[in-house]
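Report on one structure; see the data block that follows.
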Amino acid sequence: TPRLPASLFIPSHRRPVPPPAPELTPCPRLTSMGAMRLRPRPLCAVLVLALLGALAAPAAAAPASQPASRPAPAAAPAAAPPDERAVLRVLPLCSSPERATRRFCVEEILRLGDPARAARARLRELAVRDADLSPLAGEAVRTLYREAAPTFDPGSEELAGANLMLAYPSGWTTPKRRLSVSAIYGAYWDVNYGVTDWLEVGARTTTPVGLFIFAPQFKLSKTFDGGAVALHGLAGVFLPYWLDTTSLALVGGGPTLSLGTPARYLNLGVEAYSLLTENYNITVLLPHAGAISRITRRLSLALDVVIPGIWSKRYTDFGLGKQAVVLYGLRITGRDMWGDISFAAPICHGCGKVYNPFVLGIPLLGLGFLL
């Protein structure tokens with residue numbers, strides 16, 4: 001006989017009532033119309049709150065910091081101030097004989113900037129005198145100094161031979177780190193080297209035919225707007241074979257003033273020399289005046305006038321103003337060489353017999369190089 005459960009014999013009003021089980025039904029239910037209807041259930045509320053919290057956390061943190069995969073860009077460094085010493089280091093290149101080097105100098109100064117205006121004078125000079133770099137140098141002046149760009153002047157272009165007249169020095173020196181060599185008939189040589197923009201050193205010498213001269217020399221120069229002034233000096237040995245002496249010490253020099261530009265200028269100066277021997281001295285004073293004027297880019301007219309004075313206790317004196325020598329002619333110039341075709345005409349009593357065979361005067365041919 002099957003046994004019945006004991007609960008059947010307990011009265012219904014005394015039986016324990018079990019707690020109702022929670023309904024775990026899904027939150028959304030699709031109706032037949034395809035719309036979504038939410039029913040409030042405990043599990044649904046927990047899931048919705050968790051989902052909203054997860055979505056709200058990144059949104060709240062986003063304004064404070066950016067994701068690690070896209071870091072914030074670093075602030076751009078402040079522009080460094082122009083280095084004035086760098087401009088001074090580059091500036092000597094603007095005097096180079098090579099066009100490419102001079103162009104690099106101008107471009108580098110334009111890139112570096114020049115708040116101290118250390119390169120202003122040189123850039124303006126290139127704009128006026130350098131036919132190859134005039135546009136670039138003029139643009140640099142306009143950009144760096146807020147000035148009107150200078151224009152090229154064909155009459156002031158830098159050419160070789162500016163440190164010498166036909167026979168006497170001018171107020172300008174040989175370009176820095178360059179060697180100037182000039183000769184008249186290959187017999188009288190004048191050699192100079194530009195140590196700085198204001199100093200040149202060199203020597204004068206002759207081929208030993210009739211006499212021999214060797215005299216180291218120097219020239220100090222100061223340029224200014226409208227010209228240059230220089231002081232020239234030398235000392236050496238003078239050996240004339242026709243005098244009754246073995247040797248003479250030669251010492252002298254003097255100032256020179258050049259007014260204008262290297263292409264067109266007036267040259268004024270005076271030189272004094274002493275020839276010293278054991279028995280007597282000879283003093284020579286050489287005031288001179290001259291001018292050079294360019295008529296084309298490569299051709300110039302040149303004139304030199306000297307009025308010498310010679311004093312000696314042993315020989316006849318030639319007082320100042322009793323004689324003169326006029327040198328005139330043409331100079332053909334280039335960037336690295338020049339040539340002089342000139343004539344010397346002495347002016348004194350009876351001097352016409354000296355150059356009677358020559359109508360224009362004693363011809364002189366000179367040639368010079370800039371190395």
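Note that the numbering runs from 1 along the sequence shown for the chain.
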So, [X] side chain and [Y] main chain: donor-acceptor pair closer than 3.5 Å or not?
X	Y	result
Thr196	Trp198	yes
Thr206	Ile213	yes
Arg122	Cys94	yes
Asp304	Ala167	yes
Lys219	Ser170	yes
Thr205	Phe214	no
Asp114	Ala119	yes
Tyr145	Arg120	yes

For [X] and [Y], work out which heavy atoms get closest and say how close.
X	Y	answer
Pro308	Ala324	CD-CA, 4.1 Å
Ser134	Ala127	OG-O, 2.6 Å
Gly236	Pro216	CA-CD, 4.4 Å

Same cluster or not: are [X] and [Y] linked, directly or through other Ile, Leu, Val, Met, Phe, Trp or Tyr residues, by side-chain heavy atoms under 4.5 angstrom apart?
X	Y	result
Leu164	Ile292	no
Tyr188	Leu286	yes
Tyr193	Val181	yes
Ile184	Leu365	yes
Ile341	Val325	yes

Can you name the salt bridge (Lys or Arg N to Asp or Glu O under 4.0 Å) partners of Glu139, sequence neighbours left out? Arg142

Tell me, please, which residues at least two apart from [X] pass side chain to side chain contact (heavy atoms under 4.5 Å, CB included).
X	value
Arg103	Glu107, Leu133, Leu136
Val270	Pro255, Leu285, Pro287
Leu299	Ile295, Thr296, Leu330, Ile332

What I want to check is whether the side chains of Asn267 and Ser258 have a donor and an acceptor closer together than 3.5 Å. yes

Using only heavy-atom distances, determine whether the side chains of Thr174 and Asn192 contain a donor-acceptor pair under 3.5 Å. no

Indicate yes or no: at least one non-hydrogen side-chain atom of [X] is less than 4.5 angstrom from one of [Y].
X	Y	result
Leu257	Leu259	yes
Phe218	Val195	no
Leu126	Val106	yes
Tyr273	Glu271	yes
Arg204	Trp189	no
Leu179	Leu370	no

Once rounded to the nearest 0.5 Å, what's the spacing between atom [atom1] of [X] and atom [atom2] of [Y]?
X	Y	atom1	atom2	result
Ile307	Gln323	CD1	CD	9.5 Å
Ser342	Leu364	OG	CG	4.5 Å
Thr333	Arg294	OG1	CZ	5.0 Å
Glu200	Asn163	CD	CG	5.5 Å
Leu371	Ser180	CG	OG	8.5 Å
Arg117	Leu144	CZ	CG	9.5 Å

Using the rule given for side chain to side chain contact (heavy atoms under 4.5 Å, CB included), can you reason through Gln217 versus Asp190, listing the C-alpha separation, both sets of side-chain angles and the distance that settles it, and then say yes or no? CA-CA 10 Å; Gln217 62 182 349; Asp190 196 341; 2.7 Å; yes

Let me see the working for Thr283 and Ile310 under side chain to side chain contact (heavy atoms under 4.5 Å, CB included), right down to the final yes or no. CA-CA 6 Å; Thr283 302; Ile310 303 175; over 6 Å; no

Verdict with reasoning, Asp336 to Arg178, per salt bridge (charged side-chain N to carboxylate O under 4.0 Å, His left out): CA-CA 10 Å; Asp336 296 321; Arg178 303 202 69 180; 3.0 Å; yes

Apart from Leu268 itself, what residues make up its hydrophobic cluster when side-chain heavy atoms of I, L, V, M, F, W and Y under 4.5 Å apart count as a link, directly or indirectly? Leu266

Do Asp197 and Lys176 sit within salt-bridge range, that is, some charged N less than 4.0 Å from a carboxylate O? no

Test ring pair (Phe, Tyr, Trp, His ring centres under 6.0 Å) applied to Trp172 - qualifying residues, sequence neighbours left out: Tyr265

Please test Thr173 against Leu199 for side chain to side chain contact (heavy atoms under 4.5 Å, CB included), starting from the C-alpha separation and ending with a verdict. CA-CA 7 Å; Thr173 58; Leu199 172 64; over 6 Å; no

